[in-house]
Novice: 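Below you will find the structure I want to go over with you.
Given the structure is predicted, the values throughout are model-derived calculations rather than measurements. In listed order, ligands and their atoms are each counted from 1.
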Amino acid sequence: MAIISVIGPKGGIGKTTLSINIAAALASAGKQAGAKSRVCLIDLDLRLPSISSILDSHPRKTFYDLFETLANKTHQADTLQIFYRIVSGFKNFLDGDITAKSPRLAKSLALYKNINTDLFNFSHLDFGNDAYDLFLERNRVERPADLKALAPLINNIDVLGIKARLGYILENSRPLIGDYVNFIEEYGFSIIGGEVPIMGKKNHRKRINEPAFLQLFLEFLDEVCGKFDHVILDTPAGGVNHISSLMNTMDHVILVFDMSNRIAVNGSLDALHSFIDYYEDFLEEFNQGRLAGLDKAYVNRLVSSRGHSAVEETLRNKKIGLLFNRCQGMDEISDCLKRMREYLDTLDKYEEYKDCIRIVGMMPQHRIVHITNNRGALFYDKDKELRQRMDLVAKSIDLVHPSPPALSDSDEEILEYLTAKEKSGFATRLGRLAASFT
Ligand SMILES: Nc1ncnc2c1ncn2[C@@H]1O[C@H](COP(=O)(O)OP(=O)(O)OP(=O)(O)O)[C@@H](O)[C@H]1O
Ligand SMILES: [Mg+2]
């Protein structure tokens with residue numbers, strides 16, 4: 001399984017377009033090899049998801065539904081469960097079903113005294129005025145006997161109603177991946193993501209900064225990844241800080257280099273530098289056992305499922321691919337490579353990175369009008385040249401025989417790789433036939 005994240009510093013440099021086309025190329029490569037390669041494209045642009053409308057394919061459930069479902073789990077269910085344990089313990093005591101010495105009552109009292117009432121503010125359940133009044137009385141309750149004074153308040157709370165509500169919410173708090181996967185027959189790959197901007201909702205904006213919530217989101221994404229051979233993550237401009245642990249632990253990153261003008265190239269060089277900085281910080285914190293918060297929780301889970309050395313190896317061997325987009329001519333690529341080597345050299349990073357930064361492909365500035373799907377997006381099977389270029393990128397992601405040149409190779413080798421034409425279908429078939437006789 002390979003997870004490939006397509007990243008870039010700016011809006012509009014082609015991340016989404018290239019992600020879609022890489023997915024199409026990987027699916028097509030799988031088909032040609034005779035095996036149905038399971039490819040999934042995930043739209044991680046939570047602010048402005050666009051893939052499903054570009055491909056005109058509308059999933060039954062989107063990330064918006066996922067956030068609602070996960071919110072059920074983190075806030076509603078957990079909060080309600082705590083509230084139920086407090087009130088039912090108190091009620092059982094007042095009804096004489098449990099004694100003042102019962103451990104259950106002790107637990108209810110401890111929860112009551114220590115609970116962070118913000119939980120209730122985050123939750124969108126209506127607990128009723130009696131519930132709020134009960135929490136206002138916390139200072140008056142030190143021992144079980146003090147509860148007797150609150151009996152009218154406690155008896156007013158509908159414990160059975162809370163229980164029924166809890167059962168309903170628990171049942172609806174586990175996302176089923178199948179509901180979110182939308183396989184597109186025409187293109188041969190699946191998409192998962194959104195249509196509605198999740199960040200448009202205030203509560204979701206808050207949730208995206210809560211580690212407990214993000215952990216659930218990451219668990220969902222991990223489960224999705226486990227079901228596919230290749231997963232491509234299309235990211236928003238500037239990256240996805242809130243799930244940096246996922247970005248840092250995956251094996252392939254493809255950085256889209258905007259070649260449309262010199263300023264754009266400078267921006268891309270800076271982006272490469274900040275990506276390296278970011279990655280090095282993460283690696284160092286991992287090695288020194290200093291990861292914290294969500295990063296720590298996420299990596300700990302990876303370590304317990306794959307083992308420490310496997311996680312360390314993935315982190316150490318991260319593959320950084322560069323994909324030049326909107327190229328006007330080959331001279332600019334040479335110029336860009338030269339500047340990149342100089343830039344890394346000034347940072348004293350050239351020697352360290354020259355072999356792991358690989359050049360995975362290039363895409364010229366296309367005249368879009370001729371080669372789009374019906375939504376106006378550049379599309380893989382509408383143009384032979386586009387298809388060849390994307391097949392080259394897909395080849396570089398091959399886990400068994402990756403072949404792209406690295407920054408340490410000569411410009412001649414790199415340019416030859418980028419412009420090499422794929423063998424024709426006939427030649428490939430002949431090659432296979434020949435191989436079958438050996
Ligand atoms: N090589 C290219 N030639 C011509 N047009 C291109 C090329 N690459 C991308 N485009 C066009 O540029 C526009 C922006 O591309 P895209 O949406 O893929 O960028 P993005 O980086 O995903 O943007 P955002 O950050 O907003 O998500 C689209 O209209 C796309 O068709
Ligand atoms: Mg995009």
Novice: Regarding ligand 1, does Asp234 bring an N or O atom to under 3.5 Å of one of the ligand's N or O atoms?
Specialist: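 Between Asp234 and ligand 1, no N or O pair is found under 3.5 Å apart.
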Novice: Side chain or backbone, does Ile13 bring an N or O within less than 3.5 Å of an N or O on ligand 1?
Specialist: yes
Novice: Find the distance between NE2 (His366) and CZ (Arg326) and round it off to the nearest 0.5 Å.
Specialist: 10.5 Å
Novice: Go through ligand 1 atom by atom and flag the ones less than 4.0 Å from a non-hydrogen atom of Thr16.
Specialist: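 Listed by number with element, the hits are 18 (O), 20 (P), 22 (O), 27 (O).
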Novice: Below 4.0 angstrom, N of the basic side chain to O of the carboxylate: do Lys338 and Asp411 qualify?
Specialist: no
Novice: Below 4.0 Å, non-hydrogen atoms only: which portion of Pro364 touches ligand 1? Side chain, backbone, both or neither.
Specialist: backbone
Novice: Might you point out which heavy atoms bring Val360 and Gly321 nearest each other, and give the distance in Å?
Specialist: CG1-CA, 3.8 Å
Novice: Counting only heavy atoms, which portion of Asn325 has something under 4.0 Å from ligand 1: side chain, backbone, both, or neither?
Specialist: side chain
Novice: When rounded to the nearest 0.5 angstrom, what is the spacing between CG in Asp391 and CD in Gln388?
Specialist: 7.5 Å
Novice: Quick one: which of Met362, Lys15, Met259 has a heavy atom closest to atom 21 (O) of ligand 1?
Specialist: Lys15
Novice: May I ask you to check whether Gly14 has an N/O atom sitting below 3.5 Å from an N/O atom of ligand 1?
Specialist: yes
Novice: Regarding atom 9 (C) of ligand 1: of the candidates Ile54, Ile51, Leu386, Thr17, which has the closest heavy atom?
Specialist: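 Nearest heavy atom to atom 9 (C) of ligand 1 lies in Thr17.
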Novice: Under the ring-ring contact (aromatic ring centres under 6.0 Å, His included) criterion, do His204 and Tyr64 qualify, and how do the steps go?
Specialist: CA-CA 9 Å; His204 287 339; Tyr64 192 87; 5.4 Å; yes
Novice: Closer than 2.8 Å to the Mg ion (ligand 2): does that hold for any N, O or S atom in Thr17?
Specialist: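 No N, O or S atom of Thr17 is closer than 2.8 Å to the Mg ion (ligand 2), so no.
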Novice: Which of the atoms in ligand 1, numbered in the order shown and given with their element, are less than 4.0 Å from a heavy-atom of Met363?
Specialist: 1 (N)
Novice: Would you give the length of the straight line joining atom OG1 of Thr17 to atom CG of Leu386, rounded to the nearest 0.5 angstrom?
Specialist: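 Result: 10.0 Å between the selected atoms.
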Novice: Search all heavy atoms of Met390 against all heavy atoms of Ala25 and return the closest pair with its distance.
Specialist: O-CB, 3.4 Å
Novice: If hydrogens are left out, which of Gly12, Pro49, Ser19 has an atom nearest to atom 14 (C) of ligand 1, that is, the closest non-hydrogen atom?
Specialist: Gly12
Novice: Would you call Asp258 and Lys10 a salt bridge, taking side-chain N to carboxylate O under 4.0 Å as the test?
Specialist: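 Salt bridge: yes.
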